[in-house]
Engineer: 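Sending over a structure as structure tokens; questions will come in a sec.
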2 protein chains.
Amino acid sequence: MEGTIVDNQSEKISHRLEKIFTPAPLQVPGCPVRDVLDRIGDKWSILSVLHLGHSGKLRFNELLHRIDGISQRMLTVTLRGLERDGFVSRRIYAEVPPRVEYELTALGVSLLDQVLGLAVWAQDNMGDIITSRAAHANAAGFQNLP
Amino acid sequence: MEGTIVDNQSEKISHRLEKIFTPAPLQVPGCPVRDVLDRIGDKWSILSVLHLGHSGKLRFNELLHRIDGISQRMLTVTLRGLERDGFVSRRIYAEVPPRVEYELTALGVSLLDQVLGLAVWAQDNMGDIITSRAAHANAAGFQNLP
DNA sequence: CTGCATCCCGAAAGATACTG
DNA sequence: CAGTATCTTTCGGGATGCAG
């Protein structure tokens, strides 16, 4: 496999591809890549991580108001998942009224580092994506004209 | 906000966080980050991109057999989405039997580059995640004992 | 071989109301 | 304030059949 776009653009890419495909070829059961991708793929986890990274410690209601569109229930579910995987710490203060603070762990910060790469990429390349979508929308539109 | 874990670990992180949060604070409608994250968050897009990056040009049935667990329908849907966003090119050969080859575009390769960061990270840190999950499973187990 | 159309189900997500 | 409980709705995606 020589001369592909991948090889031409970045030698590092093929090295990392080997690393990913070598142990197990991305099989569904028990594949780390699949597993982590499923987590960060859900609707709210990444947003939560980005906000926690941006603001540091945050209380439940602070997160609830910062993450646009999330419901109380989904914030709870999301935070429980992130805590379970060790990305977020949950600190409860025995006060009245109760106070709970969430913060990224070291593992969470290292995840944030990766996710930021993707987020910045998304911002930088959104123009190209929009353009491509518009082109395909036009092409599709021609098919359906009366 | 000084002295947070984020600041201590990597100065670059805060710079990129600013970049992400500056234009619009991750609002749901029309946010590039959300948009791209939704796409790569679906069950099969990333896997398809990884396989196309690994093998170069691939035919429909080759992809179907390499991506463990995907159905014919979902492969079609996934490839259409990736093509629409400009990540994958689709080349049809007017032959009998018909042949269609898929390949990453330059934009697709640049996405692959980002995704690989995440994939390698996932492999490297899976141990910690498993450990954390086990700990929480035990903790939960105690709550439910008779 | 490629891949669209249709039907259908279970899981995920939203809305709402209630509690320590 | 910080959740939990419950109900309802949405929808991803699997199975199947058909077409170019």
Side-chain angles (χ1 to χ4, degrees), chain A residues 28-29 34-35 37-48 51-52 55 57-85 88-103 136 139-144, chain B residues 27-29 34-35 37-48 51-52 57-85 88-103 136 139-140 143-144:
Chain A
V28 166
R34 287 293 300 259
D35 195 299
L37 252 30
D38 279 357
R39 162 145 309 288
I40 73 120
D42 78 2
K43 201 172 179 182
W44 303 112
S45 290
I46 292 305
L47 252 358
S48 302
H51 276 278
L52 283 170
S55 303
K57 274 192 182 71
L58 283 176
R59 301 179 60 169
F60 186 87
N61 268 355
E62 290 175 328
L63 273 166
L64 192 60
H65 293 123
R66 278 169 212 243
I67 304 176
D68 183 55
I70 197 171
S71 66
Q72 214 170 34
R73 184 184 118 83
M74 288 318 295
L75 180 56
T76 300
V77 171
T78 301
L79 288 172
R80 289 289 176 280
L82 292 173
E83 187 193 2
R84 189 180 115 96
D85 283 2
V88 163
S89 68
R90 179 161 171 261
R91 182 149 201 174
I92 305 149
Y93 295 85
E95 304 174 353
V96 183
R99 179 162 57 106
V100 180
E101 287 182 344
Y102 294 90
E103 189 176 16
H136 281 263
F142 274 110
Q143 310 294 337
N144 298 333
Chain B
Q27 298 306 312
V28 165
R34 287 293 301 258
D35 195 300
L37 251 30
D38 279 358
R39 162 146 308 289
I40 72 119
D42 78 2
K43 199 171 177 179
W44 304 110
S45 289
I46 292 304
L47 255 351
S48 302
H51 276 278
L52 283 171
K57 274 194 184 68
L58 284 176
R59 302 180 58 172
F60 186 87
N61 268 356
E62 290 175 327
L63 273 166
L64 192 60
H65 292 124
R66 277 169 214 245
I67 304 176
D68 183 55
I70 197 171
S71 67
Q72 213 171 35
R73 181 182 122 82
M74 288 320 296
L75 181 56
T76 300
V77 171
T78 301
L79 288 171
R80 287 289 173 281
L82 292 173
E83 187 193 4
R84 190 180 115 96
D85 284 2
V88 163
S89 69
R90 178 160 172 261
R91 182 151 202 172
I92 306 149
Y93 296 86
E95 306 174 353
V96 183
R99 177 162 59 106
V100 181
E101 287 182 341
Y102 296 90
E103 188 176 16
H136 281 263
Q143 309 294 336
N144 297 334

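Residue numbers begin at 1 in each chain, while the letters A, B, ... track the order of the sequences.
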Engineer: What side chain to side chain donor-acceptor pair (under 3.5 Å) pairs are there with at least one residue in residues 88-102 of chain A, not counting sequence neighbours?
Structural biologist: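 Checked against side chain to side chain donor-acceptor pair (under 3.5 Å) - neighbours excluded - the pairs reaching residues 88-102 of chain A are A/R90-A/Y102, A/Y93-A/E101, A/E95-A/R99, A/R99-A/E101.
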Engineer: Check residues 76-84 of chain B and write down every donor-acceptor pair under 3.5 Å in which the side-chain atom is one partner and the other belongs to a residue at least two apart or another chain.
Structural biologist:
residue	atom	partner	partner atom	Å
B/T76	OG1	B/Q72	O	3.1
B/T78	OG1	B/M74	O	2.6

Engineer: For nucleotides 13-20 of chain C, give me one character per nucleotide, 5' to 3': B if any protein heavy atom sits under 4.0 Å from the base, S if the only such contacts are to the sugar-phosphate, - if neither.
Structural biologist: BBB-B--B
Engineer: Once you round it to whole Å, what is the distance between P of C/dG3 and CG of B/L82?
Structural biologist: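 Between P of C/dG3 and CG of B/L82: 14 Å.
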Engineer: Please state whether the phosphate of C/dT2, meaning OP1 or OP2, lies under 4.0 angstrom from any side-chain nitrogen or oxygen of B/Y102.
Structural biologist: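 The answer is no; no side-chain N or O of B/Y102 sits under 4.0 Å from OP1 or OP2.
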Engineer: Would you say A/L52 and A/L63 make side-chain contact, with heavy atoms under 4.5 Å?
Structural biologist: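 The answer is yes; the side chains approach within 4.5 Å.
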Engineer: Could you tell me which non-hydrogen atom of A/L58 sits nearest to which non-hydrogen atom of A/H51, and how far apart they are?
Structural biologist: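 Smallest interatomic distance, heavy atoms only, reads CD1-O, 3.9 Å.
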Engineer: Does any non-hydrogen side-chain atom of A/S55 lie less than 4.5 Å from one of A/R66?
Structural biologist: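 Yes, side chains in contact.
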Engineer: Rounded to the nearest angstrom, tell me the gap between atom CG in B/L75 and atom P in C/dT2.
Structural biologist: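 About 10 Å, once rounded to whole Å.
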Engineer: Can you tell me how far the CD1 atom of A/I40 sits from the CD1 atom of B/I46, to the nearest 0.5 Å?
Structural biologist: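 CD1 of B/I46 is found 7.5 Å from CD1 of A/I40.
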Engineer: What bend angle does the helix from C/dC1-D/dG20 to C/dG20-D/dC1 show across its length, from five-pair end axes and to the nearest 10 degrees?
Structural biologist: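 End axes: 50° apart.
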Engineer: Between C/dG3 atom P and B/N61 atom CG, what is the distance in whole Å?
Structural biologist: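 Distance, rounded to whole Å: 9 Å.
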Engineer: Does any pair with a residue in residues 38-47 of chain B pass salt bridge (charged side-chain N to carboxylate O under 4.0 Å, His left out), and if so which ones, sequence neighbours excluded?
Structural biologist: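 Passing the test, one end in residues 38-47 of chain B: B/R39-B/D85.
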Engineer: Establish, with yes or no, whether the OP1 or OP2 oxygen of C/dT2 is under 4.0 angstrom from a side-chain nitrogen or oxygen of B/R59.
Structural biologist: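 Indeed, a polar side-chain atom of B/R59 lies that close.
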Engineer: So where does chain A start and stop touching DNA chain D, 5' to 3', when the test is distance under 4.0 Å to a non-hydrogen atom?
Structural biologist: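 The contact span of chain A on DNA chain D goes from D/dC1 to D/dT6.
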Engineer: Roughly how far apart are B/L75 CG and B/I70 CD1, rounded to 0.5 Å?
Structural biologist: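 Separation between the atoms: 4.5 Å.
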Engineer: How far does CG of B/L47 sit from CG of A/L37, to the nearest 0.5 angstrom?
Structural biologist: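 Those atoms lie 7.5 Å apart.
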Engineer: Report the distance from atom CZ of B/R80 to atom C1' of C/dG3, rounded to the nearest whole Å.
Structural biologist: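 To the nearest whole Å, that distance equals 7 Å.
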